[in-house]
Amino acid sequence: MKNILVVGGAGYIGSHTVKMLASRGYNPVVYDNLSKGHRQAVEGLPFEEGDLGDKTRLKEVFQQYQIEAVMHFAAFIEVGESVKEPSKYYHNNVASVLNLLDAMQESGVKYFVFSSTAATFGEPVQPQINESHPQQPINPYGNTKLMVEKMLEDFDRAYGLKSVALRYFNASGADDSGCIGESHTPETHLIPLVLQAAAGKRPSIKVFGSDYPTPDGTCVRDYVHVNDLARAHILALEKMEKENKSLRYNLGSGSGFSVAELIQEAKAVTGVDFKVEYEARRAGDPAVLVADPSKAQAELGWKPMYNLKQIITTAWNWEKNRRF
Ligand code: UDP
């Protein structure tokens, strides 16, 4: 299975996965409407501009490139925004995916790799979240991703569609080449915002909440490098195809860092003592989200290769020299 349609392939995690797929002998075809993605992120690779909701166009592209599997990255991803504008999230993250799955079904494409999220779990009931942890999202973003996971289970039972759902914890860092990295407008993610403060592009970093039930009162997250995520996609795709079965994995490092700890590490990496301001909590944020990645390790042989310092170092390298 070599011909992979990467929907949202011009975005952050998509573009890193596309680059890795191409370097390993796959033929990735990027399908992106460029509403959030960047054409420069996938220079030199087959590119089709199109919408997830355009079934006719999707089916043409499946046929033109003899697509065998789809990787789906084209989602809205901001927890805070999803609380304020849930309709936008249900349309893009659920209704459009249903359209994509229908297009696959009608075209005989039987393999799907889905970007899910730690946000499908809600408030953790145990320190590290494994695949058996209850899925009770506390924000619309998590709800939309869980709905698609449920859809995929039903599509497997009824139509034999095989899927991988990868629940990312906090995707972060940038490619070592410095050619691609994280670029959202507006940027809402912690590491790029922290590094923009270090670069003098922002006056300060605002910490959302210092009264959480965590050791220093700030939220704890599990940061996982984007290239480690990209590698997991390929490993999971290969296992799904080989065993012809649907799979679910939680992808994180297994270690949590608080917002305050991350800021300290960023100050050490950049050598800049940027300003930090403490603000109110952001709606929809659980206090702690840390993965138990042992299933991915046991079944895929996957283990993150980048630690927090390397994540921040690659992201800093990108921030200083970014092209888009
Ligand atoms: N955060 C923060 N200030 C910011 C952006 C994020 O304190 O400007 C916090 C946020 O509340 C969360 C953590 O950093 O606890 C990671 O947030 P991010 O948006 O990067 O990822 P998420 O966990 O929402 O996927």
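As the structure is a prediction and not an experimental result, all values here were calculated from the model. Order of appearance sets the numbers: ligands from 1, and atoms from 1 within every ligand.
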Answer with side chain, backbone, both or neither: which part of Arg282 has a heavy atom less than 4.0 angstrom from an atom of ligand 1? side chain
With a cut-off of 4.0 Å, which atoms of ligand 1 are near a heavy atom of Cys219? 15 (O)
Those residues that, when tested against Val269, pass side chain to side chain contact (heavy atoms under 4.5 Å, CB included) (two or more places apart): Glu265, Lys309, Ile312, Thr313, Trp316
Atoms in ligand 1 with a heavy atom of Lys206 nearer than 4.0 Å: 2 (C), 3 (N), 4 (C), 7 (O), 8 (O)
Under 4.0 Å from any heavy atom of His189, which atoms of ligand 1 are there? 18 (P), 19 (O), 20 (O), 21 (O)
Mind checking whether Asn170 has an N or O less than 3.5 Å away from an N or O of ligand 1? yes
Just jot down the side chain to side chain contact (heavy atoms under 4.5 Å, CB included) partners of Ser246, sequence neighbours excluded, or say none. Asp156, Lys162, Ser163, Arg248
Which of the atoms in ligand 1, numbered in the order shown and given with their element, are less than 4.0 Å from a heavy-atom of Val207? 7 (O)
CD of Glu182 to CD1 of Ile191: how many Å apart, nearest 0.5 Å? 8.0 Å
Verify the cluster assignment for Phe112 and Leu58: are they in a single hydrophobic cluster under the rule of side-chain heavy atoms below 4.5 Å apart? yes
Got a second to check how far Leu235's CG is from Glu299's CD, nearest 0.5 Å? 12.0 Å
Return the closest protein heavy atom for atom 11 (O) of ligand 1 as residue, atom name and distance. Asp285 OD2, 2.6 Å
d(Asn139 CG, Lys145 NZ) to nearest 0.5 Å is 12.0 Å
Report yes if the side chains of Met147 and Tyr90 come closer than 4.5 Å at any heavy-atom pair, otherwise no. yes
Looking only at protein heavy atoms, what sits closest to atom 20 (O) of ligand 1 is Leu190 N, 2.8 Å
shortest atom 7 (O) of ligand 1-to-protein heavy-atom contact is with Phe208 N, 2.9 Å
Between Asn3 and Asn27, is there a donor-acceptor pair closer than 3.5 Å when you use the side chain of the first and the backbone of the second? no
Atoms of ligand 1 under 4.0 Å from any heavy atom of Thr188, numbered from 1 in the order shown, are 5 (C), 19 (O)
Ligand 1 N/O within reach of Leu193 N/O, cut-off under 3.5 Å: no
Counting only heavy atoms closer than 4.0 Å, does ligand 1 sit against the backbone of Arg221, its side chain, both, or neither? side chain
